[in-house]
Every structure is written in structure tokens, then in C-alpha cells.
Colleague: 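Have a look at this one.
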Amino acid sequence: MRTLAVIGSINMDVVNKVERHPKPGETIHGLGTTYSPGGKGANQAVAAARAGAVVRMVGAVGTDAFGPELIQSLQGFGVDTQWVSTKPGSSGLAFITVARSGENNIILSSGANGQLTKEDVDAAAAMLDSVDAVLLQNEIPWSVTEAALRKAHQLGKQVFLNPAPARQVEPEMLQMVDVLVVNESEAEAITGVKVDSADAADAALQSLLAGGCGCAVLTLGGAGLVCRNGRGQSIRLPAYPVEVVDTTAAGDTFIGALASAWDTDGDLLPALRFASAAAALTVTRAGAQGSIPERQEIEAFLERINGGGGTDSHA
């Protein structure tokens, strides 16, 4: 069983459902509003825990009414929250609009996430020294993510980085990343390569590896994923066919499941299949953390699809 630390955002998602996304300047009627715990960091923590890992969260919530609810939600999914601090003011908020097609638009209000500091990371140093891997994203101040990346690298820990929302990653930072997970827009922000074809995807992966990361995974939504590492391994996986209800948290579920199932001996395929299955199940359900599947569900899904793929996804 893997032990993971997630350093990142904790949000309350305010989800509005609509028939379609509005055009600029247009007012439309919603189909209903729900409140759901989310945030890329928290979602990845929940996904990893539900996939079978021991997970510890470093983050922050506010002194508003959402703060205790967000912590309780993480605890309910088995995530250790003793390194989650409380900052004055609002918790992080994500305003999400979900169309009937399942596609979403998101506006972030950082709240307490923006108040996370390097000192908060330093306070968790002893804990970080005891984990197998550290998961990082980009919904807390980048200076704090950089400090966490340096600390994890200094401690010799495997680092998973998902630079989302998209931003440039300096070469010095990229060289400390063991597993980089990006979608098309994030890959373009780092490499300058517009991922609009299979050849462009391969070019983006080559650029990411040339930049210094150990392994690059490029997720392509309904087109699946491509992955390449520094040892010359290259994998292309199609997406599992499912009926899409809501794509919220699909990427986070993929990353949390991937980190929980990662084979340190270097066999990429089982973990990629496992993570892809977890993401596929997530999009068949509405919401963020509540849509994330458990390990047994993922393995059963793989058993049906691949005829036994579920059992070798945790090598």
C-alpha cells in the first residue's frame, strides 16, 4: 500500500447545471445548484485514498461555514487532515457550470488556498519524509508549490505534478518532477506545442522529456492518453467508452488513482489502465468527490472491460 502526501487546494464547489453554456453577455436559466467539496488537491487526495493509498493532506480552509465541512469531507473519505490549517476569511470556492453534455466551465476564488505558505510546507517536513510520493497541482501560490517540490526532491520522494490551471514550468522545476500529468492546454503552456494531432502529442511529450521530467502523461479527454518516459517506454491508451454525465474531477481522479497504483519497478501500463478506468467511472456520475470510485469498483470495471486487467493494476 502506497503512502502519499497531497499539497494543494481545498474548495467548496458551487455547481450550476445548464442546458448549454451561455454566450458572452447572455443570461440563461439554470437547472439547479448544488454545493460539493472539491479543489484539485482535495480531489486528488480523495481519489488516491479511495483507490487504496494512505493519504495525508497539506492545505488550508477558511474560518467560514464551509471550512469545517471541507475538513469533515476529507476525513470521511479516509484522508488524514492534521496538516490542514485554518486561515482567516473565506475557504476556496469554485464556481462550476455544467452543461447537459457533461462539459464544464470553472471560475476559481482562491480564498484560504491563496494564504497557504512555505512555512505550512516546512511544518509538514517530517511527514513528507515518511511518504512514498508527493502530489502537487497549481491552485495554491506557485511559490508554495515550488517550495514543496524542492522539499520533496530534497527528501528523495517521487513527485507527481499536475500544473493545472495551465502555466509555464521552469526547466529547473521540471527536472525535479518524476511524473508530469498534463492535458492539451497544459502541455501547450509548457512546450509551446499546440496538441491538435497525434504527431503534435508526440512532439509535446518529447519536449517535456527533453525538459527533464522522468515521465510525461498527456491526457486527451475522450481520445484517451499518451505516455512516454525517459527509458524509452511509450504507451497510447484509448479512453474507456462510457456515457458522460459530468467531467468534473475526472482529471484529478486520474492522477490520484495513478499515484496510488504506480509501479516503482517501471511497468507503466497497469497503473495507466487503472487510472483511466477510475476517470471513466467518475464522468458517469455528477459532482466532484462524491463521483470518485473506490478501488473495488475500478477493479470490477477493468475485469469487465479487459478480462482481468483490474487485478494487475496494483503491481
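No hydrogens, no waters, no symmetry mates; every other heavy atom, side chains included, goes into these values.
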Colleague: Membership question, hydrophobic clusters at under 4.5 Å side-chain separation (ILVMFWY): are V182 and I235 in the same one?
Modeller: no
Colleague: For D122, enumerate each residue passing the side chain to side chain donor-acceptor pair (under 3.5 Å) test, keeping only those at least two apart in sequence or located in another chain.
Modeller: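 With neighbours one apart ignored, the set is empty.
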Colleague: Find out whether L180 and L174 are in side-chain contact, i.e. whether some heavy atom of one side chain is under 4.5 Å from a heavy atom of the other.
Modeller: yes
Colleague: Checking the side chain of T253 only, and the main-chain atoms of I292 only, is there a donor and an acceptor separated by less than 3.5 Å?
Modeller: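 No.
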Colleague: With a 4.5 Å limit on heavy-atom distance, are the side chains of L268 and D263 in contact?
Modeller: no
Colleague: Tell me which pairs pass salt bridge (charged side-chain N to carboxylate O under 4.0 Å, His left out) where either residue lies in residues 88-98, with sequence neighbours left out.
Modeller: none
Colleague: Just so I know, are the side chains of L108 and L93 near enough to count as touching, which here means a heavy-atom distance under 4.5 Å?
Modeller: no
Colleague: Who are the ring pair (Phe, Tyr, Trp, His ring centres under 6.0 Å) partners of F77, not counting sequence neighbours?
Modeller: none
Colleague: I'd like to check I10 versus L74 (side-chain heavy atoms, cut-off strictly below 4.5 Å). Are they in contact?
Modeller: yes
Colleague: Same cluster for I140 and M127 if Ile/Leu/Val/Met/Phe/Trp/Tyr side chains link at under 4.5 Å?
Modeller: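 Looking at the clustering, M127 is in the same group as I140.
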Colleague: Indicate the atoms forming the closest heavy-atom contact of V134 with K157, along with that distance.
Modeller: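 Answer, listing the atom of V134 first, then K157: CG2-CB, 4.3 Å.
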Colleague: Between Q175 (side chain only) and E172 (backbone N and O only), is there a donor and an acceptor less than 3.5 Å apart?
Modeller: no
Colleague: Starting from V144, can I reach V169 by hopping between I/L/V/M/F/W/Y residues whose side chains sit under 4.5 Å apart?
Modeller: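 As far as the 4.5 Å side-chain criterion goes, V144 and V169 are connected within one cluster.
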Colleague: Is there side-chain contact between I28 and K23, with at least one heavy-atom pair below 4.5 Å?
Modeller: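 The answer is no; the side chains never approach within 4.5 Å.
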Colleague: Among all residues two or more places apart in sequence or in another chain, which pass the ring pair (Phe, Tyr, Trp, His ring centres under 6.0 Å) test with F66?
Modeller: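 F66: no ring pair (Phe, Tyr, Trp, His ring centres under 6.0 Å) contacts found.
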Colleague: Would you say L128 and K151 make side-chain contact, with heavy atoms under 4.5 Å?
Modeller: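 Yes. Closest side-chain heavy atoms under 4.5 Å.
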Colleague: In terms of hydrophobic clustering (I, L, V, M, F, W, Y; side-chain heavy atoms under 4.5 Å; direct or indirect links), are V46 and M12 co-clustered?
Modeller: yes
Colleague: Does a donor on one side chain sit under 3.5 Å from an acceptor on the other, for S260 and R50?
Modeller: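 No, because no side-chain N or O of S260 sits under 3.5 Å from a partner of the opposite role on R50.
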Colleague: Within the side chain of N43, is there an N or O that forms a donor-acceptor pair under 3.5 Å with the backbone of A249?
Modeller: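 Such a contact is absent between N43 side chain and A249 backbone.
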Colleague: Of all residues at least two apart in sequence or in a different chain, which pass the side chain to side chain contact (heavy atoms under 4.5 Å, CB included) check with T27?
Modeller: none
Colleague: What's the shortest heavy-atom distance between G39 and D13, and which atoms?
Modeller: N-OD1, 4.0 Å
Colleague: Test of understanding: with side chain to side chain donor-acceptor pair (under 3.5 Å), list the residues that count as partners of R2, not counting sequence neighbours.
Modeller: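 Side chain to side chain donor-acceptor pair (under 3.5 Å) list for R2, sorted by chain: Q158.
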Colleague: Please give me the minimum heavy-atom distance between A189 and Q168, naming the atom from each residue.
Modeller: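 Nearest pair, atom of A189 first, then Q168: O-OE1, 2.8 Å.
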Colleague: Between N183 and S185, is a side-chain hydrogen bond (donor to acceptor under 3.5 Å, both in side chains) present by the stated rule, with each step listed?
Modeller: CA-CA 6 Å; N183 63 18; S185 62; 3.0 Å; yes
Colleague: With sequence neighbours excluded, give me every side-chain hydrogen bond (donor to acceptor under 3.5 Å, both in side chains) pair touching residues 103-117.
Modeller: N11-N113, H21-N105, N104-T247, N104-T248, T117-E119, T117-D120
Colleague: Kindly say whether G62 contributes a backbone atom to a donor-acceptor pair with the side chain of S91 at under 3.5 angstrom?
Modeller: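 Pair found, side chain donor or acceptor close to backbone of G62.
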Colleague: Can you list everything that forms a side chain to side chain donor-acceptor pair (under 3.5 Å) with D132? Sequence neighbours excluded, please.
Modeller: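 Per chain and number, D132 pairs via side chain to side chain donor-acceptor pair (under 3.5 Å) with no residue.
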Colleague: Provide the closest heavy-atom pair for I7 versus Q137 in the form atom of the first, atom of the second, distance.
Modeller: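 I7 and Q137 have their closest heavy atoms at O-OE1, 3.4 Å.
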Colleague: Search all heavy atoms of A277 against all heavy atoms of I298 and return the closest pair with its distance.
Modeller: CB-CG2, 3.9 Å
Colleague: Run the side chain to side chain donor-acceptor pair (under 3.5 Å) test against E146 and tell me which residues pass, sequence neighbours left out.
Modeller: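 E146 satisfies side chain to side chain donor-acceptor pair (under 3.5 Å) with W142 only.
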Colleague: Cut-off 3.5 Å, side chains only: do Q289 and S73 have a donor facing an acceptor?
Modeller: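 Yes, S73 and Q289 have a side-chain donor paired with an acceptor closer than 3.5 Å.
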Colleague: Does anything in residues 61-80 pair up under salt bridge (charged side-chain N to carboxylate O under 4.0 Å, His left out), and if so which pairs, sequence neighbours excluded?
Modeller: none
Colleague: Can you tell me how far CG of D178 sits from CG of L161, rounded to the nearest 0.5 angstrom?
Modeller: 10.5 Å
Colleague: Return yes if a side-chain donor-acceptor contact under 3.5 Å exists between S207 and T191, otherwise no.
Modeller: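 Distance-only check fails for S207 and T191.
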Colleague: Could you note down all residue pairs passing salt bridge (charged side-chain N to carboxylate O under 4.0 Å, His left out) where residues 230-252 supplies at least one of them, sequence neighbours left out?
Modeller: K40-D252, D202-R236
Colleague: Would you indicate whether the side-chain heavy atoms of V61 and L70 approach each other to under 4.5 Å?
Modeller: yes
Colleague: Within a strict 4.5 Å, meaning less than it, do heavy atoms of the T33 and V15 side chains meet?
Modeller: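 No - every pair of side-chain heavy atoms lies 4.5 Å or more apart.
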Colleague: Would you please name every residue forming a ring pair (Phe, Tyr, Trp, His ring centres under 6.0 Å) with F160, sequence neighbours left out?
Modeller: W262
Colleague: Please say yes or no: joined through hydrophobic side-chain contacts below 4.5 Å, possibly via intermediate residues, are V217 and V195 part of one cluster?
Modeller: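 In one cluster: no.
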Colleague: For A250 and V283, work out which heavy atoms get closest and say how close.
Modeller: CB-CG1, 3.5 Å
Colleague: More than 12 foreign heavy atoms under 6.0 Å from OH of Y35: is that the case here?
Modeller: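 Check fails, neighbour count at 12 or below.
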